[in-house]
Amino acid sequence: MSRSLKQVAVLLVALLCLDLHSRVGSAPICAHGPSGCHVPSLADLFDRVIQHSARMHSLSNDLHSEFEQYFLPSKNHIGKIYRKCHTSSILTPNGKENAQKLAREELTEVILKLLMAWRDPLFQLHQSMAHQQDFNSFSSNKALEMGDMAHELRKGVEKVAERMRVLGMLGNSVTGLSVAEAMLPISDSGEAMSNYELLYCFRRDSNKVQNYLKILKCRIVPEHDC
Amino acid sequence: MAYSLSLGLLYLGLLCGNGLVSARSELFTPDPSRGPHFTGCRSREQETFRCWWSAGIFQNLTEPGALRVFYRTKNALSEWQECPDYTHTVKNECYFNKTFTHIWTSYCIQLRSVRENITYDETCFTVENIVHPDPPIGLNWTLLNVSRSGLHFDILVRWAPPPSADVQTGWMSLVYQVQYRVRNASHWEMLDLESGTQQSIYGLHTDKEYEVRVRCKMSAFDNFGEFGDSILVHVAQIPSKESTFPMTLVLIFGVIGLVILLVLLIFSQQQRLMVIFLPPIPAPKIKGIDPELLKNGKLDQLNSLLSSQDMYKPDFYHEDPWVEFIQLDLDDPAEKNESSDTQHLLGLSRSGSSHVLNFKSDDDSGRASCYDPEIPNPEDLASLLPGHSGRGDNLPLVSRSSLSIPDLGVQQTSEVEETPIQTQPAVPSWVNMDFYAQVSDFTPAGGVVLSPGQLNSSPEKKKEEENEKKIQFQLVSDGAYTSENTARQLSAEVPPSPGPEQEYQTFPTQAVEGNLWNGEYLVSTSDSQIPYLLPEATPAPILPPVSDYTVVQEVDAQHSLLLNPPSSQPAICPHSPNKHLPAMPTMPMGYLTPDLLGNLTP
């Protein structure tokens with residue numbers, strides 16, 4: 001009896017210890033004092049992320065206009081063929097007021113969902129552009145860079161979200177973003193989307209991400225006239 | 001009155017209508033040839049947008065309500081809805097306010113005539129692609145600086161973003177483009193896109209009026225908005241003409257001063273500059289001999305120079321192949337270089353070897369005041385010559401012809417043996433004796449012409465002389481000697497026929513100074529200047545060529561070369577060389593003393 005008690009006690013202690021250790025997270029190196037490395041503030045983090053998203057959007061615009069110039073020269077500047085993107089199922093605010101009315105957590109989640117949804121399609125885009133002879137290497141490099149930037153942006157936004165959560169700005173309703181279901185870019189007809197459609201959709205979504213991030217920053221970081 | 005009033009009203013109405021229409025037609029020019037169509041849709045701030053249409057050629061549809069706009073958003077399956085707001089103030093405009101504007105949403109609008117149920121036009125777009133921002137406001141400029149010349153200036157242009165665009169929240173990120181031109185010019189200068197709200201313009205000209213304007217667009221989109229109002233920029237030029245005048249004067253004077261300095265410098269350093277820029281070509285120089293002396297022909301000085309020369313380079317033998325050498329002791333040809341030729345000739349030797357002339361002195365020979373020169377063997381003599389060892393045809397200077405001119409007719413019989421020349425031991429004064437006769441020239445046949453007035457010995461000599469002297473007597477122009485027989489012949493006989501050597505003359509042997517085996521040493525005569533070359537004056541008859549060489553047998557007290565045994569010339573030296581060298585045959589040839597030579601001169 002004492003023996004079994006002892007074993008149980010040992011086990012309990014072991015579990016407690018493990019639990020303690022598991023609960024102790026990794027502390028950042030620079031957490032202590034200004035003598036350590038420079039810790040960017042939340043505003044700096046937001047600025048970086050916004051800058052990154054602006055670059056990504058500009059890149060997507062370049063690719064899209066290049067594609068349009070060479071492959072669809074007769075396009076009317078007003079009339080755009082309607083395309084249904086694979087991210088249309090994600091509910092996104094369609095205006096400034098809508099975005100401002102949305103909760104921070106939901107806005108952050110929307111951003112992350114969008115970026116997550118484009119991880120595989122961008123890779124596919126780069127692959128198909130690299131294989132086609134129509135695109136020069138410069139364009140396929142741009143597509144590759146775009147995919148990398150989307151990946152990095154997602155990581156950056158996750159860090160921002162983490163920081164916001166640490167600072168208590170985000171409620172706990174935002175769970176660790178569960179991996180979005182694999183969203184294959186499939187058009188209405190069930191076929192895989194063409195390169196042009198992918199570019200068109202990504203251009204739109206990158207603009208969304210950029211604007212949402214700006215609105216989010218304006219709401220979280222107190223600034224003048226915001 | 002009423003008619004005029006109505007006309008006036010109509011006119012006014014037309015004007016107003018035209019103004020309105022023209023204002024809009026600047027943006028969208030309706031195509032009059034087409035039927036009813038959309039002329040454009042625009043959003044100013046990405047929150048609302050408007051669409052315009054035109055009736056076109058269908059003038060019966062111009063009244064309001066005849067044409068209607070229907071739209072449909074493609075986010076969800078929605079039906080066609082009519083335009084939410086037909087603008088009352090503006091004709092043919094449909095306005096979508098914030099509630100009806102969905103960004104990132106595809107819109108499709110249709111222009112229909114409800115009465116006829118005809119769709120005249122349809123177009124689709126997304127709102128962010130039709131955004132044309134309003135022009136920036138508050139454009140002004142400030143002067144940055146004016147150039148030193150007063151001709152150019154730089155300005156800083158500032159503006160504010162359009163108030164309708166929400167840039168604070170970041171809903172719209174704008175980039176601006178500044179354009180400027182000289183007033184009333186046709187071409188606008190465009191600057192790069194600027195994301196800030198100010199930009200500098202550099203390099204504007206004073207006294208010119210400039211026009212500056214700015215417009216903006218959304219970054220990463222392609223639609224520029226309209227230009228704002230232009231501003232005028234003008235900077236008056238500061239008159240500074242008087243400052244240029246002294247500047248030009250200063251420049252002119254500075255240039256003149258520089259030129260003067262340069263000229264002075266050149267003149268003062270002329271010699272040095274001449275040496276630097278035009279280096280003198282080195283003239284050929286003879287070591288130890290001043291060419292001026294040679295030109296002047298002052299033989300006394302030259303002879304003194306020559307006699308004072310101790311040194312000479314043995315390499316000279318190679319350079320002057322027609323220099324004849326006296327063959328001396330042939331045992332050590334390598335040691336020949338160590339002493340001078342005069343010493344060789346005279347039998348002196350620094351090294352003490354038997355290589356030079358008469359270095360060996362017979363122990364049993366009693367030497368007189370004048371010593372008997374040893375007559376070296378012809379082979380020994382031949383081997384004495386540097387670089388010519390083994391060559392049987394090599395001849396010494398005095399007695400043989402030129403080494404490199406084989407057609408000189410060097411004839412040397414092997415059986416002719418020359419009496420070695422003996423010199424008194426260690427008589428340094430020998431070096432200063434002149435015992436050479438200068439040769440003015442040499443014949444192609446091998447004869448040597450001495451000067452003055454001497455001719456080659458002819459074959460009409462005595463028979464015994466011919467028998468004895470097997471080697472043709474050769475005289476070289478650089479200072480050889482004549483044999484006594486030759487001299488006698490020259491003086492006594494008149495050559496019957498002028499030979500080819502007519503033109504040659506010999507030089508007197510007296511006062512040949514120096515042991516310098518230079519090619520150019522001269523013989524100084526007591527009486528007259530010796531012409532270097534006398535090719536034409538031949539006072540003496542031409543004699544047939546004599547034997548090739550003559551061996552100096554001894555040198556008498558008067559510093560004359562003894563070419564023959566003294567038996568023929570008892571007055572010269574009582575000593576007979578034959579005593580010392582019994583093996584050597586006596587040379588029939590005699591020698592010339594300076595006195596004799598003097599007699600010979602015509």
Side-chain angles (χ1 to χ4, degrees), chain A residues 46-47 50-51 53-65 68-69 75-85 87-100 114 188 200-201 203-219 221 223-226, chain B residues 28 37-43 45-49 51-53 72-77 96-110 121-132 161 163 165-173 175 193 195 217-223:
Chain A
F46 260 112
D47 284 337
I50 287 166
Q51 229 175 22
S53 70
R55 278 178 55 209
M56 193 177 71
H57 172 62
S58 148
L59 202 62
S60 72
N61 186 47
D62 290 342
L63 265 179
H64 178 260
S65 56
E68 224 176 26
Q69 185 182 358
K75 227 45 186 102
N76 191 4
H77 75 282
I78 288 180
K80 287 270 196 283
I81 300 171
Y82 166 73
R83 302 198 188 280
K84 185 172 169 75
C85 300
T87 52
S88 302
S89 58
I90 303 173
L91 288 173
T92 56
N94 277 337
K96 189 175 81 171
E97 285 80 13
N98 295 345
Q100 282 172 338
L114 279 171
D188 282 341
Y200 176 85
C201 291
R203 179 168 169 260
R204 193 191 70 179
D205 287 342
S206 59
N207 195 21
K208 275 188 189 177
V209 163
Q210 184 184 2
N211 281 16
Y212 293 159
L213 281 170
K214 285 185 188 174
I215 288 171
L216 192 63
K217 180 204 171 186
C218 202
R219 285 168 63 183
V221 177
E223 269 183 16
H224 60 283
D225 298 339
C226 206
Chain B
F28 317 104
H37 58 279
F38 283 109
T39 54
C41 291
R42 282 207 178 176
S43 169
E45 72 286 275
Q46 211 178 13
E47 292 170 43
T48 65
F49 68 98
C51 283
W52 297 273
W53 71 89
R72 189 169 73 148
T73 59
K74 293 295 184 74
N75 46 4
L77 243 114
F96 294 79
N97 58 14
K98 285 185 186 179
T99 53
F100 292 101
T101 308
H102 307 285
I103 319 296
W104 304 299
T105 313
S106 290
Y107 280 82
C108 283
I109 53 173
Q110 281 180 345
D121 196 7
E122 181 175 355
T123 181
C124 298
F125 55 88
T126 52
V127 178
E128 68 268 17
N129 288 327
I130 58 165
V131 174
H132 296 255
D166 191 4
V167 288
Q168 287 87 5
T169 58
W171 181 241
M172 287 177 73
S173 49
V175 291
L193 292 176
S195 59
K217 75 172 176 81
M218 286 219 299
S219 65
F221 287 94
D222 310 324
N223 302 316

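These values consider heavy atoms only, across backbone and side chains, with no hydrogens, waters or symmetry-generated copies. A, B, ... follow the sequence lines: proteins, then strands. Residue 1 opens every chain.
With a 4.5 angstrom heavy-atom cutoff, B:Glu122 does not touch chain A via any of its atoms. Using a 4.5 Å cut-off between heavy atoms, A:Asn98 does not touch chain B at all.
Rounding to the nearest 0.5 angstrom, the gap separating the OG1 atom in B:Thr101 from the OH atom in B:Tyr107 is 5.0 Å. For the atom pair SG (B:Cys51) and CD1 (B:Ile130), the distance works out to 6.0 Å, reported to the nearest 0.5 Å.
Chain B forms more heavy-atom pairs under 4.5 Å with one residue of A:His57, A:Gln100, A:Arg219, A:Gln210 than with any other, namely A:His57.
Of all the heavy atoms in B:Gln46 and B:Ile103, the pair that sits closest is O-CD1, 3.0 Å.
A distance of 6.0 Å or more separates the ring centres of B:His102 and B:Phe96.
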